[in-house]
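On a predicted model such as this, the values are computed, not experimentally measured, just so you know. Order of the sequence lines fixes the chain letters, A, B, ..., with proteins taken first and strands second; residue numbering starts at 1 for each chain.
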Amino acid sequence: MEFSAGDFITYFQSVADLMEKQKDYLCELDRKLGDGDHGVTMSIGWQAVLAQLDSTLGEEADCGKLCIQVGKTFLNAVGSSVGPLYATALMRGGKILKGKVAVNEEQLYEFWCAFCHGVKERGQAEIGDKTMVDTLEPAREALEESWQQEQNFQRAFEAAVAAGETGMQSTIALTSKLGRSSRLGERSAGTQDPGATSAFLLLSSFSAYLDTKIANAS
Amino acid sequence: MEFSAGDFITYFQSVADLMEKQKDYLCELDRKLGDGDHGVTMSIGWQAVLAQLDSTLGEEADCGKLCIQVGKTFLNAVGSSVGPLYATALMRGGKILKGKVAVNEEQLYEFWCAFCHGVKERGQAEIGDKTMVDTLEPAREALEESWQQEQNFQRAFEAAVAAGETGMQSTIALTSKLGRSSRLGERSAGTQDPGATSAFLLLSSFSAYLDTKIANAS
Amino acid sequence: MKKIINDPNQTVFDMLEGFTTAYPNRVKQLEGTSVIARKDAPVANKVAIVSGGGSGHEPAHAGYIGKGMLDAAVAGEMFTSPTPDQVLEAIKATDSGNGVFLIIKNYSGDVMNFEMAMEMAEAEGIQVEKVIVNDDVAVEDSEFTTGRLGIAGTIFVHKIAGAMAEAGASLQEVKDMAERVVNHVRSMGMALSSCTVPAVGKPSFELADNEMEIGIGIHGEAGIHRKPVGTADEIAEELTEKIITDLPYKEGNEVAVMVNGLGATPEMELFIVNGKVQKILHEKGIIVYRTFVGNFMTSLEMAGCSVTLLKLDSELKKCLDAPSDAIAFRV
Amino acid sequence: MKKIINDPNQTVFDMLEGFTTAYPNRVKQLEGTSVIARKDAPVANKVAIVSGGGSGHEPAHAGYIGKGMLDAAVAGEMFTSPTPDQVLEAIKATDSGNGVFLIIKNYSGDVMNFEMAMEMAEAEGIQVEKVIVNDDVAVEDSEFTTGRLGIAGTIFVHKIAGAMAEAGASLQEVKDMAERVVNHVRSMGMALSSCTVPAVGKPSFELADNEMEIGIGIHGEAGIHRKPVGTADEIAEELTEKIITDLPYKEGNEVAVMVNGLGATPEMELFIVNGKVQKILHEKGIIVYRTFVGNFMTSLEMAGCSVTLLKLDSELKKCLDAPSDAIAFRV
Ligand SMILES: Nc1ncnc2c1ncn2[C@@H]1O[C@H](COP(=O)(O)OP(=O)(O)O)[C@@H](O)[C@H]1O
Ligand SMILES: Nc1ncnc2c1ncn2[C@@H]1O[C@H](COP(=O)(O)OP(=O)(O)O)[C@@H](O)[C@H]1O
Ligand SMILES: [Mg+2]
Ligand SMILES: [Mg+2]
Ligand SMILES: [Mg+2]
Ligand SMILES: [Mg+2]
């Protein structure tokens, strides 16, 4: 299986769509834990990406440049914690793909590893802090483990999504240690972390795109 | 019939009581027409008078000095429009009674004329402006007319109260031309003027005191 | 009623204490009164400027005490004129022999109480003059009403009378200039919400979730009409148009602008209103000389704003720009 | 949601325009950005001070622009950090070759975005230093959290860093003194009501009619606990005690006090709180050098207040008293 810039573009467009649909839900979660804007920040960022894709960026054939530009667009549209976090993820991932018009499974695997690492490095969060890292880090671990064993990206990514989902759900019970929600202390337990949720949406919509692409190919 | 300082004191005490009871009602009226504080201002003023009467002023035998002191106490406790209005009334009335430990019917009649005149001069309001003058001016006219005909204070004062009541009720239909409520224009029609109401309460409780005194005497 | 207060009947007392202890080097409270005065009052060789009125308009009036503005401010109970004895104390404490100038907002309570104090002071041999501010264009100024009320335009009267006094003007000169301000200043306000006098405990009026009140006073009085909440631009337009046509302010006139918050209005909203006010004035060729945005004359926790325009000439400009070290109006 | 705004998604844009047109002689908006800078920026021979953060905290941050305080302020969306490209514009527009000092409140968004801008500016050869303000004692500062957040104490950092820069200090000297402020300043807030981000349209949290929230942040975050509304004295006591024991502030220490309104709090209530704060400090023998009462760091239309104490030494006092002509902080 090979990914072109067009595949990334279609994937990013589907993310923009999904974030729009989940806007209220993400805000609702953030209202309980933070300042209630996570749906808004995600929407602003992905709508900006969408606008860029609809104009010049839609022509970009270099998968690496595309991802870096998407990251920069997101960064300079959003503000808030998630700007630098997801932007760093996309830019680190993009670096891996620089100069490539076609991306193979191994490169896709490396893209996602760099993506998840990027968030962790930028935010300095650990598993258990009740952040998006609780989704992304288990996802990256599962991805790595499965890939190392089987070298099958689709199955590896399915494992990543499943681990990410478990990680996301684990944030419900957690007491927050990072970001705005940490001020709530014990009161933060009981609500799923919004960033962990949006991170899961990013993963699951990639998985959905993958399935469609493979189904269409066969 | 003769009035002593003790009579005035008992009357003033009954006014203080009544204003306490009518506080919410007077505020309610003022909320519709003004700033909603007429019950509060009346309460503050008469409670201050009550406190003075309970201490040194309760010993005052000179009816004139008593009324002037009650006026000053009211003035310096209240602020708001009604402070100078009722204070001027009481001080002008007091002037008539200066040096008198016993007040006869004619003097009582003159006291009330001066009282009503005082309000009119201080506030420069006319009948129909939707103020306390709509109660006090018809009351004074009726008092004067009846007194001139019969020289019977009790009956004259009854006529005054009746005219005052009609005057007070006439303010419901009026559009305000003076004071805060004038900004409401047409919207001020439909509500009874709070000052006209408190002025009527002042008159009717004097009438009530008069009745009790006369009943007790006979 | 949600408020950060202690005893609802002691709010003015508590506030004055909190104010005086905040600025102990600049102001003093006259003992046993609700009067706050410049620490150095009476200031020699200067007409004293005294203002005041009901409380609930903070920073009015004590916030305007300082060199170049007020010598004393008399605080009444909430939305209630101070009593004549208090005003008299302020007059006596600030008079340096050059006379005292009273700035009174046109409310029957304020006018009658200040005038009674003036009579008493004159009886004691103190020269006193006054001006009555009536800048609110919401109410038509017809023969049928006591006339218009005084609102945020009063701050400009404080500023300009204060500058005159500081510059050594006589009592009459201060009065003349203050009257010039009154003749050239117009204001109008609106509210999104009512306010609650602590001792009353209920809001002065109720507004539905989608309603606003236009032509609001500063004492929780209802306004002149009620309508669905408009945009900031619509609000700015309604207030500004009414003000402009009233004086009227004309092409080529120079003005000072004040966009005033009523107590619970975020500054952000005031700036948004100001943006539109400036545009309207620009379109009409009215030249903005100086702009003031903030909470200057409030109504407890009312959400809303007022717009004020003052038409300037070279003397008024000089007075407006003169230094003031008042706590709430540094120039 | 009742607000005086136009398009909810354009409030920051509209506000910046209204701000700039209010003070055209003092500030300028950098074209195409959400950066407001001193009219005369870059100021030669001076370290530039840049602050910023989400909007909704007005007068923070643009209100603190002026001689003796900030050179530029970067406005993010409501309660949202500005993006690195905007911060970079502010850095480039104010650097006169003496370097730029960034004042950042400790929110992961602000820190990460400002740090990315700092990296970009350094890549362009501009010297940049920063301080991270974390004065809010509501959250315990343990190894388990990212640490405390920055709230109203930030204003003192603006003031003192600004005074240092104005006096000709080097970038490192400005940084050292700013860190001294951060080490000596503590704050805590509370709220009677929540606030609504215009584009969100719903309040960040709900409080019952008899409830207040203690330890509130400035972004509509809920606080550390909720309880029945107390008196002003009780509120002042809870906040002040927690602050005092934290540093701790001790008998004989000299402090600056700030009683800050969160946007919809009548000034009267702030003064009432101040009255009690002063009493508590007096009882403990902590000497108040200077007091500031007003809306300095707000949270849209939130009703509530915060208390800040800054422990002073002679250098900090000098910087605090140095002149500032910032719109919202004249000294
Ligand atoms: N340091 C961090 N590392 C990783 N994720 C973080 C960090 N800080 C915040 N987050 C994530 O960001 C989310 C909040 O995003 P958002 O609401 O958009 O930003 P903000 O908190 O600035 O309002 C949190 O739910 C959390 O998952
Ligand atoms: N100039 C005036 N002449 C006579 N009565 C007046 C005048 N102005 C106001 N009033 C009376 O005062 C009443 C309001 O009193 P109050 O609410 O105590 O004072 P304020 O209007 O200062 O709040 C009005 O209902 C009206 O009857
Ligand atoms: Mg958030
Ligand atoms: Mg009233
Ligand atoms: Mg009143
Ligand atoms: Mg945010």
Side-chain angles (χ1 to χ4, degrees), chain C residues 2-7 11-12 14-19 21-24 55-56 58-59 63 190 192-193 195 207 209-210 212 229 231-233 235 257 259 263-279 288 291-295 298 300-301 303-305 325 328 330, chain D residues 2-7 11-12 14-19 21-24 55-56 58-59 63 190 192-193 195 207 209-210 212 229 231-233 235 257 259 263-279 288 291-295 298 300-301 303-305 325 328 330:
Chain C
K2 258 184 170 179
K3 287 178 188 285
I4 309 179
I5 57 173
N6 296 310
D7 179 351
T11 40
V12 175
D14 287 354
M15 173 198 49
L16 293 175
E17 187 179 74
F19 184 86
T21 56
Y23 311 115
S55 293
E58 294 65 35
M190 57 74 59
L192 293 180
S193 74
C195 61
L207 277 175
D209 271 356
N210 64 339
M212 64 178 180
V229 176
T231 64
D233 283 359
I235 290 166
V257 177
V259 178
T265 318
E267 208 174 81
M268 162 178 282
E269 299 179 17
L270 301 180
F271 281 115
I272 295 176
V273 169
N274 176 61
K276 181 66 177 179
V277 171
Q278 301 281 338
K279 264 183 216 146
V288 176
T291 303
F292 301 87
V293 179
N295 292 332
T298 63
L300 289 169
E301 75 286 4
C305 68
D325 79 350
R330 288 295 163 80
Chain D
K2 259 185 169 179
K3 287 178 187 289
I4 309 179
I5 57 173
N6 296 308
D7 178 350
T11 38
V12 174
D14 287 355
M15 172 197 49
L16 293 175
E17 187 179 75
F19 184 85
T21 55
Y23 311 115
S55 293
E58 293 65 35
M190 57 73 60
L192 293 179
S193 74
C195 60
L207 276 176
D209 272 357
N210 63 342
M212 64 178 180
V229 176
T231 64
D233 283 359
I235 290 166
V257 176
V259 178
T265 318
E267 207 174 82
M268 163 178 283
E269 298 179 18
L270 301 180
F271 281 116
I272 295 175
V273 169
N274 176 60
K276 181 65 179 180
V277 171
Q278 301 282 339
K279 263 183 219 148
V288 176
T291 302
F292 301 87
V293 179
N295 292 333
T298 63
L300 289 168
E301 76 286 5
C305 68
D325 80 350
R330 288 294 164 79

Can you tell which of C:Gly263, C:Cys195, C:Gly275, C:Ala22 has the highest number of heavy-atom pairs within less than 4.5 Å of chain D?
C:Ala22
Structural part of D:Val229 lying under 4.5 Å from a heavy atom of chain C
side chain
OH (C:Tyr23) and CZ (D:Phe271) are apart, to the nearest 0.5 Å, by 4.0 Å
Side chain from CB out, backbone as N, CA, C, O: work out which of these in D:Ala303 comes under 4.5 Å of a heavy atom of chain C, or both, or neither.
neither
Got C:Met268 and D:Ser55 here, is their nearest side-chain heavy-atom distance under 4.5 Å?
yes
How far does CD of C:Glu301 sit from OG1 of D:Thr265, to the nearest 0.5 angstrom?
10.0 Å
Chain C heavy atoms under 4.5 Å from D:Asn210: which part of the residue, side chain, backbone, both or neither?
backbone
Side chain, backbone, both or neither: which part of D:Asp7 has an atom under 4.5 Å from a heavy atom of chain C?
neither
Which residue out of C:Leu300, C:Val288, C:Ile235 racks up the most heavy-atom pairs below 4.5 Å with chain D?
C:Leu300
Given a strict heavy-atom distance threshold of 4.5 Å, which part of C:Asn295 is in contact with chain D: side chain, backbone, both, or neither?
side chain
What do the steps show when you test D:Phe19 against C:Val293 for side-chain contact (heavy atoms from CB on, under 4.5 Å), and what is the final call?
CA-CA 9 Å; D:Phe19 184 85; C:Val293 179; over 6 Å; no
For C:Gly304 and D:Ile4, which heavy atoms make the closest approach, and how far apart are they?
CA-CD1, 4.1 Å
Among C:Val273, C:Asp233, C:Val12, which residue has the highest count of heavy-atom pairs closer than 4.5 Å to chain D?
C:Asp233
With a 4.5 angstrom heavy-atom cut-off, is it the side chain or the backbone of D:Thr21 that approaches chain C, or both, or neither?
both
Pairwise distance NZ(C:Lys2) to CD(D:Glu269) - rounded to 0.5 angstrom:
12.0 Å
Would you find a donor on one side and an acceptor on the other, under 3.5 Å apart, between the side chain of D:Asp14 and the backbone of C:Ile272?
no
Where does D:Leu207 contact chain C at under 4.5 Å (heavy atoms): side chain, backbone, both or neither?
both
For each of C:Gly294, C:Ser193, C:Pro266, C:Pro24, tally heavy-atom pairs with chain D at distances under 4.5 Å, and name the one with the top tally.
C:Pro266
Select one option (side chain, backbone, both, neither) describing which atoms of D:Leu192 are under 4.5 Å from chain C's heavy atoms.
both
Interatomic spacing from CZ in D:Arg330 to CZ in C:Arg330 - rounded to 0.5 Å:
8.0 Å
Can you tell which of C:Gln278, C:Lys279, C:Lys276 makes a side chain to side chain donor-acceptor pair (under 3.5 Å) with D:Glu17?
C:Lys279
Checking the side chain of C:Asn6 only, and the main-chain atoms of D:Ala232 only, is there a donor and an acceptor separated by less than 3.5 Å?
yes
